[in-house]
2 protein chains.
Amino acid sequence: MTGVPEPAVPDGDGRRPPSVRPRTVPGRRRAEIAEAAARFFAEHGYHTVGMREIAEAVGMRGASLYNHFSSKEEILYAIALAMTEVPVEQHIPLLDAEGSPADRLAALLRAHIRHLADHRVEHLVGLRELAALTPEHRAVITDHRRYYQRRVRDVVAAGVRAGQFAVDSPGRAAVAVLDMVNGISWWLRPDTDVDELVETYLGLALDGVLQHAREDRA
Amino acid sequence: MTGVPEPAVPDGDGRRPPSVRPRTVPGRRRAEIAEAAARFFAEHGYHTVGMREIAEAVGMRGASLYNHFSSKEEILYAIALAMTEVPVEQHIPLLDAEGSPADRLAALLRAHIRHLADHRVEHLVGLRELAALTPEHRAVITDHRRYYQRRVRDVVAAGVRAGQFAVDSPGRAAVAVLDMVNGISWWLRPDTDVDELVETYLGLALDGVLQHAREDRA
DNA sequence: GCGCCATACTAACGGTCGTCAGCCAGTGCG
DNA sequence: CGCACTGGCTGACGACCGTTAGTATGGCGC
């Protein structure tokens, strides 16, 4: 599990012998490239960074990158995809676990913020450079994001029904909470205390925006 | 007041006769250009948009833009500057008016969200394309932003002292609130009901994040 | 009415970019 | 041993970019 999505197997043509195993860790280089690219993209923006610059950072020449990615856009797509697939596949199940809506949402937010802090630059790129993706690729990313947002909205609504949360519009509140936590990636610095950050934002989101456990309803 | 900052007068050489007044509205064209550029930048990103594309949108050729802006980066700077100067000069005074911290912060947020909704594309560009600015220009923008943020933090702290707000860290809460409202510019659609939006977010920020008027302190 | 200046134009330059074609070294498998 | 394949390399191409120089024009102030 390198964190970088493998290239789609060219399906429909399973000519590859089933026992073939590449000598080195598969996609190892691919992951290095995506990681370096994400650093540059985050700092200077997708379009200002050239293939030759990315290549130099991993010790090769620009043209050689095409042995690992079919285009520059595909590098960006791999980064953006990793930042939306992982949350969907690994965080959403937390919403399907046992426990109250507040507990489940808290678990999700904890995982979300930790993931964001561990992959700050990729997260920033995934947020900011959406416009540079192919329409098809962008659609995949935004679909993931919409699904994620919808699931958060649903658990907020469940919390409202259960009397745990008090908001007028679960949809608006979900968006607000996600924008609030995603905003972290713009200013997070490497020396930030992540544990403290997570707990602070959990408080701001649950006790705050969602007014968890406030009893003074008329 | 066109909304687009005039070019800095080349100071140190005040050769221009003091009574000279340009025949047309000064900077009219400049504002049109910046507006068109902001639309394109917001949709496709700064670096994918060419000068010839911007020019075509206002009915001229690429090279003619240099009669109004000295470089492409200066167009971006004008946009970003307008989106940080106006809030600082027009919204911050609301914090110095009379009234409780909660009232003053509510007034600021109201103005902030309205301004954002009225200039959605420029706001988005100002947030997203910071990296494309000259270091000097970027410093100006971030200074404005830091000051704004500091003033919000101060009024939050004042509200905490006055017993109106209940948050552990006014700084963190201020950042969270601003990220939350600034996130609006990523998804706002032209047909959104701005009045409803403003009131919803005021509730989420004050009653929510800042726990305005919650009395159940231990 | 003359001159000036703002503003537009055309043409072109130098540079950079993404990408590709073709070549070559090494390495593991049969 | 030899073969194929992976993953590097060089060199180059065509497109496009931001920007400049030089020129034309039309309206306002004197």
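Lettering of chains follows the sequences in order, A, B, ..., and the numbering in each one begins at 1.
- Within the 4.0 Å cut-off from OP1 or OP2 of C/dA6, not a single side-chain nitrogen or oxygen of B/His68 is found.
- As rounded to whole Å, 7 Å separates atom P of C/dA8 from atom CD1 of B/Ile33.
- Between B/His47 and B/Phe41, a ring centre-to-centre spacing not shorter than 6.0 Å is recorded.
- Looking at residues 38-52 of chain B, you'll see B/Val49, B/Gly50, B/Met51, B/Arg52 sit with a heavy atom under 4.0 Å from some atom of DNA chain D.
- With sequence neighbours excluded, the residues forming a side-chain contact (heavy atoms from CB on, under 4.5 Å) with A/Ala107 are A/Leu94, listed by chain and number.
- Rounded to whole Å, atom C1' of D/dG7 lies 14 Å from atom CZ of A/Phe69.
- Spacing between atom CZ of B/Arg28 and atom C1' of C/dT7 amounts to 16 Å, rounded to whole angstrom units.
- D/dT6 atom C1' lies 12 Å from atom CE of A/Met60, rounded to whole Å.
- For A/Val88 against A/His144, the heavy-atom pair with the smallest separation is CG2-O, 3.8 Å.
- In this structure, B/Lys72 satisfies the cation-pi test against B/Tyr46, with its NZ or CZ atom closer than 6.0 Å to the six-membered ring centre and inside 45 degrees of the ring normal.
- The closest donor-acceptor contact from the side chain of A/Ser169 to the backbone of A/Arg172 lies under 3.5 Å.
- Note: CG (B/Leu65) to P (C/dT7) measures 13 Å, nearest angstrom.
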- Query: For nucleotides 20-25 of chain C, read 5' to 3', which letter fits each nucleotide if B means a protein heavy atom sits under 4.0 Å from the base, S means only the sugar-phosphate is that close, and - means neither?
  - Reply: B-----
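- With hydrogens and angles ignored, the 3.5 Å screen pairs no side-chain donor or acceptor of A/Tyr77 with any backbone N or O of A/Ile141.
- Within a 6.0 Å radius of CD in B/Glu56, no more than 12 heavy atoms belonging to other residues, nucleotides or ligands are found.
- The base of C/dA8 lies close enough to the side chain of B/Asn67 for a donor and an acceptor atom to sit less than 3.5 Å apart.
- Nearest heavy-atom pair, B/Ala38 versus B/Val125, reported as atom, atom and distance to 0.1 Å: O-CG2, 3.6 Å.
- If you take CD of B/Glu32 and P of C/dT7, they are 12 Å apart, rounded to a whole angstrom.
- In terms of phosphate contacts, B/Arg29 brings no side-chain nitrogen or oxygen within less than 4.0 Å of OP1 or OP2 of C/dT7.
- Rounded to a whole Å, the OH atom of B/Tyr77 is 21 Å from the P atom of D/dG18.
- Closest non-hydrogen pair, A/Leu197 versus A/Leu188, comes out as CD2-CD1, 3.8 Å.
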